[in-house]
Amino acid sequence: MPELPEVETFRRYLLQGETGSPSILGKKIKDADLLWERTLAAPSPADFKDRIRGQFVTGVGRRGKNLLIRLSWDTLIIHLRMSGELVVEEKTNPPGKHYRLILNFTDKYRLAFNNIRKFGRVWLVEDPVQVIGNLGPEPLADDFTPELFHQILQKHSRQLKYFLLDQEMIAGLGNIYTDEALYRAKLHPAKKTNSVNSSETQRLWLSIREVLQEGIENQGSSIDWMYQGGDYQKYLSVYNLEGKPCKYCKTPIKRIKIAQRSTYFCPTCQPLPE
DNA sequence: ACGAGCGCCTGTCGGC
DNA sequence: TGCCGACAGGCGCTCG
């Protein structure tokens with residue numbers, strides 16, 4: 001499910017809390033229940049439980065789609081993959097059917113990793129670089145400039161859709177926001193990166209930042225049963241809209257497969273040259 | 001270097 | 001009603 005805006009929404013939820021659930025900042029971890037072993041990428045379950053006990057939550061960050069929960073002397077990295085979500089609640093609540101990892105705090109609250117499809121992964125590491133070290137630039141950061149983006153695009157000869165989904169090229173985009181950004185920039189998803197000129201680069205750079213920012217402002221997208229709580233699905237222009245008229249030219253939105261993913265675009269506004 | 005295909009999982013939806 | 005295939009906000013792995 002989650003792409004950068006949804007992960008950012010979870011980050012803010014953990015940090016600020018909301019009505020009925022507090023911030024996790026400053027809480028002390030009493031112990032951990034690992035309910036699906038493969039959730040844990042590293043270290044071993046025994047080491048994990050031993051090391052995490054007694055640590056305090058000192059911060060909650062994000063890098064691409066990874067959540068970084070800073071602890072006293074380690075960092076807990078959570079990747080939600082397709083169907084993960086995080087819940088802060090009282091320990092007395094009945095646990096969800098798909099809880100895979102629970103961190104019990106020393107007070108009456110816990111942090112639960114709910115993950116229907118079991119794809120999500122968690123790491124407990126001293127240095128996050130070993131997990132997130134290969135990620136591309138953070139698209140909303142100040143150092144992600146159009147010039148830098150242009151350089152990366154020109155270094156490769158790949159279809160834009162493949163390129164944008166590759167977290168080592170740029171971190172945080174997934175299937176929804178990639179299609180939305182390409183549509184807004186009027187670029188065909190199969191166009192090659194090194195054929196993108198500088199004004200197209202500028203457009204795509206801006207489109208990426210706009211769709212991500214708008215996603216964050218609306219607490220992400222809630223397309224189906226997987227994730228509820230966001231509103232940005234109301235504002236999507238192409239994703240999941242096969243056959244619907246393009247809002248600019250009324251041409252029916254087309255769906256094709258690229259990178260084994262459904263890819264939505266307007267054949268008129270996003271032509272493939274030659 | 002690039003991209004296709006598959007596996008990992010559970011659940012929903014539409015067609016017959 | 002039940003069954004079956006297609007599909008789902010991700011990503012790592014192979015192979016050509």
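The sequence lines fix the lettering, A, B, ..., with proteins before strands; numbering per chain opens at 1.
C/dG10 and B/dA1 have their P atoms separated by 24 Å, given to the nearest Å. Taking atom P in both C/dA6 and B/dG5, the straight-line distance is 14 Å, to the nearest Å. Using P as the reference atom, C/dG5 and B/dC6 are 15 Å apart when rounded to the nearest Å.
In this structure, A/Glu37 places its CD atom 17 Å from C1' of B/dC8, rounding to the nearest Å. The CG atom of A/Asp166 sits 15 Å away from the C1' atom of B/dA4 (whole-angstrom rounding). Residue A/Glu85 contributes atom CD, which lies 13 Å from atom C1' of B/dT10 at whole-angstrom precision. Computed from coordinates, the A/Arg81 CZ to B/dT10 P distance equals 16 Å when rounded to whole Å. When rounded to the nearest whole Å, the span between NZ of A/Lys257 and C1' of B/dC6 equals 13 Å. Between the CG atom of A/Leu165 and the P atom of B/dG3 there is a distance of 11 Å, rounded to whole Å. In this entry the distance linking CG of A/Asn66 with P of C/dC11 reads 8 Å, nearest Å. The CZ-C1' distance, from A/Arg121 to C/dC11, rounds to 10 Å in whole Å.
Counting only heavy atoms from C-beta outward, the side chains of A/Leu236 and A/Ile176 approach each other to under 4.5 Å. With a 4.5 Å cut-off on side-chain heavy atoms, A/Leu165 and A/Arg261 count as touching.
Between A/Lys161 and B/dC2 there is no side-chain N or O to OP1 or OP2 distance below 4.0 Å. OP1 or OP2 of B/dC8 has not a single side-chain nitrogen or oxygen of A/Lys118 nearer than 4.0 Å. Side-chain N/O atoms of A/Arg38 include one lying less than 4.0 angstrom from OP1 or OP2 on B/dC9. Under 4.0 angstrom from either OP1 or OP2 of B/dG11 there lies at least one side-chain N or O belonging to A/Lys97. A close approach under 4.0 Å does not occur between any side-chain nitrogen or oxygen of A/His98 and OP1 or OP2 of B/dC9. Between A/Arg255 and the phosphate of C/dA8, there is a side-chain N or O to OP1/OP2 separation shorter than 4.0 Å. Applying the 4.0 Å criterion to OP1 and OP2 of C/dA8, one finds that A/Ser262 has a side-chain N or O inside that range. Residue A/His79 places at least one side-chain N or O under 4.0 Å from the OP1 or OP2 atom of C/dC11.
Taking hydrophobic clusters as Ile, Leu, Val, Met, Phe, Trp and Tyr residues chained together by side-chain heavy-atom distances below 4.5 Å, A/Leu67 shares a cluster with A/Leu40.
Here B/dT10 is the nucleotide among B/dT10, C/dC7, C/dC11 with the atom lying nearest to any side-chain atom of A/Ile116. Nearest nucleotide to the side chain of A/Tyr239, out of C/dA8, C/dG10, B/dT10: C/dA8. Taking the side chain of A/Trp36 as heavy atoms from C-beta on, and the options B/dC9, C/dC11, B/dG11, the nearest nucleotide is B/dC9. Of the candidate nucleotides C/dA8, B/dC6, B/dG3, C/dA8 has the atom lying nearest to any side-chain atom of A/Arg117.
The closest donor-acceptor contact from the side chain of A/Glu180 to the backbone of A/Tyr239 lies under 3.5 Å.
Exactly one of A/Asp166, A/Asn194, A/Thr193 qualifies for a side-chain hydrogen bond (donor to acceptor under 3.5 Å, both in side chains) with A/Arg158. That residue is A/Asp166.
In this structure, A/Thr193 and A/Gln260 both approach DNA chain B, and ranking their closest nucleotides by distance from the 5' end singles out A/Thr193.
We find that the ring of A/Phe119 and the base of B/dC9 do not stack by the test of centres under 5.5 angstrom and planes tilted less than 30°. Using a 5.5 Å limit on the distance between ring centres and a 30° limit on the angle between planes, the aromatic ring of A/Tyr162 does not count as stacked on the six-membered base ring of B/dG3.
Here the closest heavy-atom approach between residue A/Gln270 and residue A/Pro189 is recorded as NE2-CD, 4.2 Å.
Taking the centre of each ring, A/Phe113 and A/Tyr99 stay at or above the 6.0 Å mark.
Between atom CD of residue A/Gln219 and atom CD of residue A/Glu6 there is a gap of 10.5 Å, rounded to the nearest 0.5 Å. The line from OH of A/Tyr248 to NZ of A/Lys186 is 5.0 Å long, rounded to the nearest 0.5 Å.
B/dC9 is unpaired under the criterion used here, namely a Watson-Crick or G-U wobble arrangement in which both key atom distances are under 3.5 Å.
Less than 4.0 Å separates DNA chain B from at least one heavy atom of each of the following residues of residues 148-160 of chain A: A/His156, A/Ser157, A/Arg158, A/Gln159.
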